[in-house]
Amino acid sequence: MPELPEVETTRRGLAPHVEGRRVTGVVLRRVDLRWPIPPEVSVLLPGQRIRGIYRRAKYLLLDTAAGSALLHLGMSGNLRVVPPVTPVRAHDHVDIALDNGQLLRFHDPRRFGCLLWQAPGQTHSLLAGLGPEPLEAGFDGDYLFARSRGRSSAVKTFLMDQAVVVGVGNIYAAEALFMAGISPLRAAGKISRERYAALAAASQQVLQQAIERGGTTLRDFIAPDGARGYFEQELQVYGRAGAPCPRCGRALKHALIGQRASVWCGHCQR
DNA sequence: CTCTTAACCTGGACGC
DNA sequence: TGCGTCCAGGTTAAGA
């Protein structure tokens with residue numbers, strides 16, 4: 001489900017409900033997510049005040065003086081703020097109760113997500129090797145050009161590598177490459193500095209627009225208040241294999257690239 | 001390092 | 001209606 005825009009939408013939706021709130025309790029119904037939920041979550045988190053909610057890559061951090069809860073939504077996860085009487089559904093794995101009477105509820109059918117703990121002043125190992133944020137300084141065409149030299153893998157795979165740049169997943173990689181006019185199959189190491197400048201700009205534009213639309217809801221994604229994302233209406237190529245290219249009208253091609261379904265225009269993207 | 005592949009898990013869509 | 005197969009927005013671990 002979630003790429004950067006969906007995680008950022010979740011962060012913004014959660015912030016007014018959780019910032020400054022004290023955690024009054026934690027209920028773990030299932031701890032066997034991608035990794036087991038560590039004891040700190042139930043031992044250290046209750047009683048703490050949430051100083052802020054932050055996003056790094058596709059991770060969310062609930063920051064407290066005792067450490068930070070580190071959440072990833074995997075493919076199918078979502079976080080919602082619900083009243084305490086809300087019936088528990090299948091796959092509602094965690095409730096974090098807040099002193100405003102609300103529950104922060106983590107739901108994740110496929111359990112590819114995680115809830116881990118980061119000690120104060122430490123950087124969790126999962127965050128250590130991540131590339132720059134695409135919407136912050138340090139990410140541009142010169143950076144992509146430099147990082148891609150000598151790499152033979154497809155540029156789409158390169159763009160989705162979280163060690164290169166974070167937050168870009170299968171939807172937004174397809175959209176950014178279409179916008180930049182670059183074939184997803186092209187070897188990353190053989191693309192010019194100028195074309196990488198276009199790709200960096202396109203990536204930023206598509207991510208920013210998706211955030212403004214509240215993300216993309218295909219199946220599971222839902223904002224903390226239950227709202228869907230509306231970027232699906234703006235998708236140019238993702239999920240449109242065989243349909244006419246919005247630019248030239250030719251049928252969009254599709255293939256697996258790096259094990260991921262990929263769609264592009266063989267005419268407009270070179 | 002870089003690259004490829006398999007694996008984790010559930011639900012929905014589809015074909016028969 | 002029921003069953004088998006395939007596919008899905010992510011990421012890591014293991015092996016070449």
Side-chain angles (χ1 to χ4, degrees), chain A residues 1-10 29-37 55-60 70-79 89-93 106-116 124-131 134 146-177 184-190 203 206-207 210-211 213-223 228-242 254-263:
Chain A
M1 160 189 89
E3 303 183 35
L4 186 149
E6 291 74 38
V7 180
E8 179 62 20
T9 296
T10 299
R29 296 189 191 84
R30 265 198 99 132
V31 299
D32 56 333
L33 307 184
R34 169 97 202 234
W35 294 283
I37 297 173
R55 180 187 59 75
R56 171 71 174 115
K58 298 173 189 171
Y59 294 90
L60 288 171
L70 180 64
L71 284 144
H72 195 292
L73 302 177
M75 290 275 263
S76 57
N78 62 53
L79 285 164
R89 300 166 302 164
H91 315 300
D92 284 343
H93 305 311
F106 182 40
H107 174 88
D108 183 11
R110 292 175 73 180
R111 284 186 282 125
F112 284 1
C114 62
L115 169 51
L116 300 170
H124 196 281
S125 58
L126 288 171
L127 305 183
L130 294 173
R147 280 298 298 263
S148 60
R149 292 311 90 182
R151 297 195 47 162
S152 60
S153 61
V155 62
K156 177 163 178 275
T157 305
F158 172 72
L159 188 61
M160 290 172 63
D161 183 345
Q162 303 297 297
V164 172
V165 60
V166 301
V168 183
N170 205 31
I171 295 179
Y172 299 110
E175 295 298 308
L177 286 161
L185 290 166
R186 188 161 294 282
K190 293 187 171 175
S203 302
V206 72
L207 293 170
I211 291 170
R213 299 286 189 283
T216 301
T217 295
L218 263 29
R219 295 168 194 75
D220 310 300
F221 176 65
I222 207 82
R228 296 170 50 88
Y230 291 100
F231 194 72
E232 182 179 2
Q233 299 160 20
E234 321 279 327
L235 296 176
Q236 305 291 297
V237 292
Y238 180 85
R240 301 190 63 243
H254 67 104
L256 281 182
I257 302 174
Q259 316 282 62
R260 307 303 299 274
S262 305
V263 185

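Just so it is clear: chains get the letters A, B, ... in the order the sequence lines come, proteins before strands, and each one is counted from 1.
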Tell me, please, which residues at least two apart from [X] pass side-chain contact (heavy atoms from CB on, under 4.5 Å).
X        : answer
A:His107 : A:Asn78, A:Arg89, A:His91, A:Asp92, A:Pro109
A:His124 : A:Leu70, A:Leu116, A:Gln118, A:Leu126, A:Leu127
A:Arg34  : A:Cys114
A:Ser203 : A:Phe139, A:Leu159, A:Ala176, A:Leu199

Item to check | Residues which pass ring-ring contact (aromatic ring centres under 6.0 Å, His included) with A:His93, listed by chain and number, not counting sequence neighbours | outcome: none
Checklist entry - Taking only residues two or more places apart in sequence, or in another chain, which ones meet A:Tyr59 in a ring-ring contact (aromatic ring centres under 6.0 Å, His included)? => result A:His72
What is the distance, rounded to the nearest whole Å, between atom [atom1] of [X] and atom [atom2] of [N]?
X        : N      : atom1 : atom2 : answer
A:Phe112 : C:dA13 : CZ    : C1'   : 14 Å
A:Leu33  : C:dT12 : CG    : C1'   : 16 Å
A:Asp161 : B:dT4  : CG    : P     : 12 Å
A:Lys156 : C:dG10 : NZ    : C1'   : 12 Å
A:Arg30  : B:dC8  : CZ    : P     : 15 Å
A:Arg89  : B:dT10 : CZ    : C1'   : 14 Å
A:Leu116 : C:dT11 : CG    : P     : 13 Å
A:Arg149 : B:dT2  : CZ    : C1'   : 15 Å

Next on the checklist: For residues 228-237 of chain A, which residue pairs pass the side-chain hydrogen bond (donor to acceptor under 3.5 Å, both in side chains) check, not counting sequence neighbours?
Outcome noted: A:Arg213-A:Glu234
Checklist entry - What side-chain hydrogen bond (donor to acceptor under 3.5 Å, both in side chains) pairs are there with at least one residue in residues 158-175 of chain A, not counting sequence neighbours? => result A:Glu6-A:Tyr172, A:Arg151-A:Asp161, A:Lys156-A:Asn170, A:Tyr172-A:Thr216
Should [X] be listed as having a side-chain N or O under 4.0 Å from OP1 or OP2 of [N]?
X        : N      : answer
A:Arg111 : B:dT10 : yes
A:Ser76  : B:dT10 : no
A:Arg151 : B:dC3  : yes

Item to check | Intra- and inter-strand pairs of DNA chain B in dot-bracket (Watson-Crick or G-U wobble, both distances under 3.5 Å; | for another strand) | outcome: .|||||||.|||||||
Item to check | Contact residues, residues 254-263 of chain A to DNA chain C [heavy atom, < 4.0 Å] | outcome: A:Arg260, A:Ala261
Checklist entry - Just checking A:Tyr238: base, sugar-phosphate only, or nothing, at a heavy-atom cut-off of under 4.0 Å? => result sugar-phosphate
Item to check | Sugar-phosphate, base or nothing in reach of A:Thr157, heavy atoms under 4.0 Å | outcome: nothing
Nearest-angstrom distance, [atom1] atom, [N] to [M]:
N      : M      : atom1 : answer
B:dA6  : C:dC6  : P     : 14 Å
B:dG12 : C:dT11 : C1'   : 23 Å
C:dT12 : B:dG11 : P     : 24 Å

Next on the checklist: List the residues meeting side chain to side chain donor-acceptor pair (under 3.5 Å) with A:Arg260, not counting sequence neighbours, and say none if there are none.
Outcome noted: none
Show each protein N/O and nucleotides 11-13 of chain B N/O combination with a separation under 3.5 Å, one pair to a line.
from, atom 1, to, atom 2, distance (Å)
B:dG11, OP1, A:His91, NE2, 2.7

Checklist entry - Donor-acceptor pair, A:Arg111 side chain versus A:Gly113 backbone, under 3.5 Å? => result no
Next on the checklist: Is there a side-chain contact between A:Val31 and A:Leu115 in this structure, where contact means two heavy atoms from C-beta onward sitting under 4.5 Å apart?
Outcome noted: no
Checklist entry - Within a strict 4.5 Å, meaning less than it, do heavy atoms of the A:Ile211 and A:Phe231 side chains meet? => result no
Item to check | Proximity to the side chain of A:Ser152 - top-ranked nucleotide from C:dG10, B:dC3, B:dT10 | outcome: B:dC3
